[in-house]
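First the proteins, then the strands, lettered A, B, ... as listed; each starts at 1. Heavy-atom basis, side chains included; hydrogens, waters and symmetry copies ignored.
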Amino acid sequence: GQQLNQSPQSMFIQEGEDVSMNCTSSSIFNTWLWYKQEPGEGPVLLIALYKAGELTSNGRLTAQFGITRKDSFLNISASIPSDVGIYFCAGQWGAGNMLTFGGGTRLMVKP
Amino acid sequence: EAQVTQNPRYLITVTGKKLTVTCSQNMNHEYMSWYRQDPGLGLRQIYYSMNVEVTDKGDVPEGYKVSRKEKRNFPLILESPSPNQTSLYFCASSFQGQGANGYTFGSGTRLTVV
């Protein structure tokens, strides 16, 4: 099946720093999604990208849908302690609601 | 409040003892799905359902069963649990055709099989 390689696996940064994470695949996806999971909760959608080359922002978060449709990145600017969590990329493929998830990036922010 | 409700939140069981994890949604969603989350592997789909009485295998269906007798409920059944099914499980739902944009996830069920 489809596979997504997400990196880095974890990051430990200082509050105020910018963060960048990405996902790559050998497969093409129709939609790229970025989710955040906080401890004890399910993933919550942050950003959805629908077209190759699309760049979308949500507050301090910016994500891009790669031109080749095989990759995406998420940037977080000026990180704050509440950014802590696991961030997942996901690619939607096929005609239905099929999603493939990356392995996740665990973000830790030091105040 | 629109939500996906899973029960139980935590479960410790012994190998071979049948168990069911329930999932219920109040949004009239057609599509429901079960995932398991393991460190470094992200979320992997176990089973999904496009509508009542329509279910299909995801990427890791071995050792699991599901049923969809009603639109709101999508229970996950482990007939004979084994230690390798120790994991964090999530149920998700969406409107059919809305694509992945509409996924709502439950809060998770942490299962330990000893």
Side-chain angles (χ1 to χ4, degrees), chain A residues 1-11 21-25 27 29-51 54 56 58 63 65 69 72 74 85-106, chain B residues 2-10 21 23-25 27 29-51 54-61 74 87-110:
Chain A
Q2 328 293 82
Q3 283 195 317
L4 288 180
N5 300 309
Q6 185 170 349
S7 64
Q9 281 194 327
S10 63
M11 303 178 73
M21 58 191 80
N22 68 83
C23 275
T24 61
S25 175
S27 305
F29 291 96
N30 301 327
T31 302
W32 280 95
L33 304 151
W34 285 92
Y35 287 86
K36 179 187 179 186
Q37 182 184 21
E38 298 192 0
E41 298 299 328
V44 173
L45 183 67
L46 297 173
I47 291 180
L49 303 155
Y50 301 102
K51 294 192 306 186
E54 180 180 353
T56 296
N58 178 6
F65 191 143
R69 294 169 62 193
S72 177
L74 174 70
I86 303 177
Y87 291 79
F88 290 102
C89 64
Q92 190 261 329
W93 54 276
N97 294 30
M98 308 304 292
L99 275 190
T100 296
F101 283 84
T105 296
R106 183 179 294 273
Chain B
Q3 59 186 4
V4 176
T5 303
Q6 294 178 228
N7 279 298
R9 290 293 306 272
Y10 301 92
V21 184
C23 173
S24 181
Q25 50 92 6
M27 296 165 281
H29 286 166
E30 296 93 0
Y31 183 90
M32 297 186 75
S33 181
W34 276 103
Y35 291 86
R36 61 176 288 174
Q37 181 181 0
D38 302 289
L41 297 177
L43 290 97
R44 294 179 293 167
Q45 192 176 49
I46 303 170
Y47 268 93
Y48 64 96
S49 170
M50 297 282 200
N51 214 323
V54 181
T55 63
D56 212 341
K57 296 178 181 179
D59 295 321
V60 289
F74 190 45
S87 187
L88 179 59
Y89 292 86
F90 287 101
C91 181
S93 72
S94 75
F95 285 115
Q96 189 63 22
Q98 192 173 12
N101 191 33
Y103 273 32
T104 300
F105 282 86
S107 297
T109 296
R110 186 167 291 281

> Do A/Phe101 and B/Tyr35 make the cut of ring centroids closer than 6.0 angstrom?
Replying inline: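 Between A/Phe101 and B/Tyr35, the centre distance is under 6.0 Å.
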>> If I measure from the heavy atoms of chain B, does A/Gln6 come under 4.5 Å with its side chain, its backbone, both, or neither?
In response: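 Neither the backbone nor the side chain of A/Gln6 comes within 4.5 Å of chain B.
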> What part of A/Leu4 lies closer than 4.5 angstrom to a heavy atom of chain B: side chain, backbone, both or neither?
Replying inline: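 Neither part.
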>> Tell me whether the count of non-hydrogen atoms from other residues, nucleotides or ligands lying under 6.0 Å of CZ in A/Arg106 goes above 12.
In response: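 Result for CZ/A/Arg106: open.
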>> With a sphere of 6.0 Å drawn around CD of A/Gln9, does it hold more than 12 non-hydrogen atoms of other residues, nucleotides or ligands?
In response: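 No, the 6.0 Å shell around CD holds no more than 12 heavy atoms from other groups.
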>> For B/Leu43, which atoms come within 4.5 Å of any heavy atom of chain A: side chain, backbone, both, or neither?
In response: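 It is both, since atoms from each part get that close.
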>> What part of B/Arg44 gets within 4.5 angstrom of chain A, counting heavy atoms only: side chain, backbone, both, or neither?
In response: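 Contact with chain A is absent: no heavy atom of B/Arg44 under 4.5 Å.
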>> Please find the pair of heavy atoms, one from B/Gln37 and one from A/Phe88, that lie closest to each other, and give the distance.
In response: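 Residues B/Gln37 and A/Phe88, closest heavy atoms: NE2-CZ, 3.2 Å.
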> Taking all atoms of both residues into account, what is the closest heavy-atom pair of A/Glu41 and B/Ser107, and its distance?
Replying inline: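 Closest approach of A/Glu41 to B/Ser107, heavy atoms only: OE1-OG, 3.3 Å.
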> Hey, what do you get for CD (A/Gln92) to OH (B/Tyr103), rounding to the nearest 0.5 Å?
Replying inline: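 Rounded to the nearest 0.5 Å, the CD-OH separation comes to 8.0 Å.
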